[in-house]
Amino acid sequence: MRVAVSDYDGTLCIGNEVSERTLAGIDCWRKAGNAFGIATGRDLDLILAETQRWKIPYDFLICCDGATIYNHDLTRLDRRDIDDVMIRPDAKHSSPSHGKYYELRANGQTCLYLKDLGFRLPRLGVPFIESRYKDALQLRSLQQISLACERLSQAAECADGLAVTFSSSLAVAQNARCMDATPKDINKATGILNVLDAKGWPEKGLLVIGDNGNDISMIRRFNGFTVASGLDYLKEHAWGIYEDVGEMLLKHL
């Protein structure tokens, strides 16, 4: 029995589509007696919208970059909270100046706070809570705080600056055009280790694959892979490159 873990955006789903080969690969992998899970920066509601849309089977979900973990039946296996709202929506730190809106994630739901009132709210396709300024400041027991930017370079600048300032309290990573912050020492690699421990599954033969900055922890820790459309930085650390998740799974059956 082996375990495979894939990032979602840009890895499992490339170009806003989950390929037929990837769906077939997941099916063959699981029918062979193996487990498959998704490790994502999304919260539970957002990733469930995608698994239901594409009919993606899974044995576990690692959400909020490792801060929350769910079993196949959506019972929660683990949750790690940020001690307090370390990055307030009115942060005076210079790094978040490019951010347009915050996604504040708690208990599987996303609360959106528009930092730039002129910014057009993206269509998420799932229910969300729209927070006002004073309400956003009162939120506690968050698992992740994400700040969305318009450009990749802005997100990288934001993540780098906040990583230095909050190094003692938060884990900060760039995730495409977003900056994701989770409790310190929590990332996708720790999320995978927590799943293996909770389920009693072996680390030997583990497969992981991702495409962006928040995937580097699991790619480094487990000698993971990336996709051809992934960041060049990840390709330098990955043990191999595949066109999609399906190709990786079918090759390792």
Side-chain angles (χ1 to χ4, degrees), residues 2-32 34-43 46-66 125 146 148-149 151-153 155-156 159 173-180 182 187-193 195-196 203 205-253:
R2 301 174 66 189
V3 180
V5 187
S6 173
D7 168 54
Y8 183 73
D9 294 285
T11 307
L12 194 60
C13 182
I14 299 176
N16 296 318
E17 183 178 5
V18 179
S19 70
E20 291 185 7
R21 178 168 64 176
T22 289
L23 292 172
I26 296 172
D27 185 56
C28 291
W29 180 260
R30 297 178 76 241
K31 283 182 176 178
N34 302 309
F36 176 80
I38 301 172
T40 177
R42 293 173 178 244
D43 67 7
L46 289 178
I47 192 58
L48 284 180
E50 296 300 303
T51 59
Q52 293 165 6
R53 174 189 178 191
W54 296 103
K55 295 181 174 57
I56 304 169
Y58 56 83
D59 297 288
F60 59 91
L61 296 171
I62 299 171
C63 300
C64 297
D65 291 327
S146 183
C149 301
R151 295 194 294 273
L152 289 171
S153 59
Q174 180 188 0
N175 179 13
R177 289 181 294 178
C178 292
M179 177 287 306
D180 290 347
T182 53
N187 51 49
K188 290 188 179 183
T190 63
I192 292 171
L193 289 171
V195 168
L196 298 180
E203 182 178 332
L206 177 71
L207 301 178
V208 302
I209 187 168
D211 78 304
N212 219 301
N214 62 338
D215 300 314
I216 188 64
S217 64
M218 66 178 186
I219 288 175
R220 281 177 170 169
R221 173 64 176 78
F222 303 110
N223 296 324
F225 304 99
T226 188
V227 289
S229 56
L231 294 180
D232 289 339
Y233 173 66
L234 263 68
K235 293 175 183 177
E236 296 174 2
H237 294 274
W239 274 48
I241 301 172
Y242 294 99
E243 289 297 323
D244 55 29
V245 174
E247 182 185 10
M248 179 193 74
L249 293 175
L250 293 171
K251 182 173 182 179
H252 289 269
L253 272 174

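Values below: every heavy atom of this structure, side chains too, minus hydrogens, waters and symmetry copies.
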Neighbour count >12 (heavy atoms, 6.0 Å) for atom [atom1], [X]:
X	atom1	answer
W239	CH2	no
E20	CD	no
R177	CZ	no

Would you check if the side chain of [X] reaches a backbone N or O of [Y] as a donor-acceptor pair within less than 3.5 Å?
X	Y	result
N212	A176	yes
K188	A39	yes
Q174	L152	yes
N175	N214	no
R30	N34	no
W29	L250	no
S6	I38	no
R2	G205	yes

Ring centroid separation F225 to H237 under 6.0 Å: no
Centroid-centroid distance, F36 to Y58, less than 6.0 Å: no
Check against side-chain contact (heavy atoms from CB on, under 4.5 Å), E243 and R21: CA-CA 10 Å; E243 289 297 323; R21 178 168 64 176; 3.5 Å; yes
Kindly give the heavy-atom pair with the smallest separation between [X] and [Y], and that separation in Å.
X	Y	answer
A173	A159	C-CB, 4.1 Å
K55	L23	O-CD2, 4.3 Å
A4	L249	CB-CD2, 3.6 Å
G41	D180	CA-OD2, 4.4 Å
S229	G10	OG-O, 4.0 Å
T226	K235	CG2-CG, 3.7 Å

Exercise: do T11 and D211 side chains pair donor with acceptor under 3.5 Å: yes
Evaluation steps, side-chain contact (heavy atoms from CB on, under 4.5 Å), between M218 and N187: CA-CA 8 Å; M218 66 178 186; N187 51 49; over 6 Å; no
From R42 atom CZ to L61 atom CG, the distance as rounded to the nearest 0.5 Å: 12.0 Å
Option from I26, T51, D244 for which side chain to side chain contact (heavy atoms under 4.5 Å, CB included) with L12 holds: I26
Side chain to side chain contact (heavy atoms under 4.5 Å, CB included), paired with T40, selected from I47, D65, L46: I47
E203 with R221: basic N within carboxylate O range, under 4.0 Å: yes
